[in-house]
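Contents: one structure, followed by commentary.
We name chains A, B, ... by the order of the sequence lines, and we start the count at 1 in each one.
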Number of protein chains: 2
Amino acid sequence: MTVSKTAEKSSEKPGEAAKGRKDAAEAQPEALQLGELSEQLGYVLKRAQLKVFENFLRCMASLQLTPAQFSVLLLVEKNPGRNQTEVASTLGILRPNFVALLDNLESRDLCARIRSTNDRRSHILVLTDKGKAVLTRAKKLVATKHESRLNELLGQANREALLGMLSKIANEF
Amino acid sequence: MTVSKTAEKSSEKPGEAAKGRKDAAEAQPEALQLGELSEQLGYVLKRAQLKVFENFLRCMASLQLTPAQFSVLLLVEKNPGRNQTEVASTLGILRPNFVALLDNLESRDLCARIRSTNDRRSHILVLTDKGKAVLTRAKKLVATKHESRLNELLGQANREALLGMLSKIANEF
DNA sequence: TATTGTTATACTCTATAACTATA
DNA sequence: TATAGTTATAGAGTATAACAATA
């Protein structure tokens with residue numbers, strides 16, 4: 001016994017409390033109820049992450065830096081002289097996928113690959129002068145346009161609490 | 001004046017506090033320092049999201065449900081009788097991309113498309129009996145294996161605070 | 001004319017195998 | 001033999017244009 005492949009006429013579901021409804025037959029869209037979905041951490045986490053990345057890209061439009069590119073510049077600045085494998089794996093990027101990313105940054109003269117003399121198989125990564133300058137500007141944009149909006153929205157204390165919990169999940173879950 | 005394309009010999013960077021170092025020349029990997037990266041909300045958010053999805057998939061392995069599929073089942077259960085456009089857009093899925101997702105769920109007899117009699121262009125979505133049963137089992141798995149681990153890690157109060165902040169970002173950022 | 005579901009397509013991310021040059 | 005960087009490739013996820021059926 002399968003479901004009949006034809007639906008009932010309209011206005012068959014007045015249940016669920018007809019709250020947002022206008023006068024009578026006005027057939028405006030009427031948003032769906034998220035229900036348990038809004039309690040699913042994974043769902044909310046993903047939606048929040050998309051919003052944050054979207055805002056990041058807008059804030060960085062003038063420098064044309066993606067979140068991934070920014071993270072590479074930050075990490076290479078903090079750890080100059082490390083090779084591709086080390087930097088990529090720290091960021092959770094697979095070595096094959098790191099090649100094109102680096103090609104891009106190097107072609108824009110933001111960072112450089114230097115063949116190591118210790119182990120001629122590996123490429124040491126460093127920021128160029130331009131890379132350092134761009135990163136400095138990027139940090140300012142992130143601080144003044146991006147993170148500041150988050151502080152506005154959540155408050156300084158909450159933002160730090162949020163960061164702590166997310167770090168805990170990222171590291172221990 | 002460009003950078004010399006050859007690097008210095010090893011042990012040139014004893015700075016940054018040689019903390020995790022063993023006795024002397026032992027050349028163990030020595031992890032990179034994240035530096036400001038660990039303060040970037042976007043970075044931590046993304047890493048946390050990946051961990052949560054990964055764990056979700058493991059918990060749901062027996063039911064073979066992805067986060068996206070689970071969200072569709074939840075939303076259709078809560079809002080039976082809505083069409084593809086409505087469900088997809090609520091979840092932030094583009095209509096063309098929703099087709100294959102639904103094909104999959106329908107081929108597994110978890111949900112059904114029913115041609116609407118009001119508007120014969122649209123397909124009304126409902127869960128099948130099997131779909132309802134699978135969703136019930138899925139909810140139990142999520143609650144006992146997935147969300148429970150998050151409660152362990154963060155504590156009930158913190159988990160709710162986290163959810164609240166992420167919702168705020170998702171909705172208002 | 002506009003909308004629903006659909007196809008085709010493309011572009012990004014991610015993932016794996018295998019090659020080269022070094023060790 | 002093992003490792004670093006690379007290539008090729010395949011698969012997800014996501015994006016837009018356009019078509020047929022229907023309104």
For dG5(D) and Thr85(A) - does any side-chain N or O of the residue sit under 4.0 Å from the phosphate oxygens OP1/OP2?
yes
Nearest non-hydrogen partners of Thr85(B) and Asn83(B), listed with the distance:
N-OD1, 3.1 Å
Is there a side-chain contact between Arg115(B) and Arg120(B), using heavy atoms and a 4.5 Å cut-off?
yes
Determine the interplanar angle of the Phe70(B) and Phe56(B) rings, folded into 0 to 90°, and report it as parallel if under 30°, tilted if 30 to 60°, perpendicular if over 60°.
tilted
Over how many whole Å does the gap from Asp103(B) atom CG to dA12(D) atom C1' extend?
16 Å
Set of side chain to side chain contact (heavy atoms under 4.5 Å, CB included) partners for Leu153(B), sequence neighbours left out:
Lys168(A), Ile169(A), Glu172(A), Phe173(A)
Provide, to the nearest angstrom, the distance between the NE2 atom belonging to His123(B) and the C1' atom belonging to dA21(D).
10 Å
For a quick check, tell me whether the side chain of Arg121(A) and the base of dT3(D) share a donor-acceptor pair closer than 3.5 Å.
yes
Whichever of Arg120(B) and Ala68(B) has the more 5' nearest nucleotide on DNA chain D, that residue is Ala68(B)
Looking only at heavy atoms, which two atoms of Leu102(A) and Arg113(A) are closest? And how far apart?
CB-NH2, 3.5 Å
Stretch residues 42-61 of chain A: residues that reach within less than 4.0 Å of DNA chain D through a heavy atom
none
Presence of donor-acceptor pair under 3.5 Å, side chain of Asn97(B) and base of dA15(D):
yes
Using 0.5 Å steps for rounding, measure from the CD atom of Glu160(B) to the CG atom of Leu154(B).
11.5 Å
Taking Leu32(A)'s backbone N and O only, do any of them form a donor-acceptor pair with Lys78(B)'s side chain (distance below 3.5 Å, no angle check)?
no
Taken to the nearest whole Å, CG/Asp119(A) to C1'/dG5(D) is 11 Å
Hey, does Arg95(A) reach any base, or is it just sugar-phosphate, or nothing, if we go heavy atoms under 4.0 Å?
base
On DNA chain C, which is the earliest and which the latest nucleotide, 5' to 3', with an atom closer than 4.0 Å to a heavy atom of chain B?
dA2(C) to dA8(C)
Quick one: pull up CG in Leu135(B) and NZ in Lys140(B) and give me the separation to the nearest 0.5 Å.
11.0 Å
Are the side chains of His146(A) and Asn55(A) in touch, meaning some heavy atoms are under 4.5 Å apart?
yes
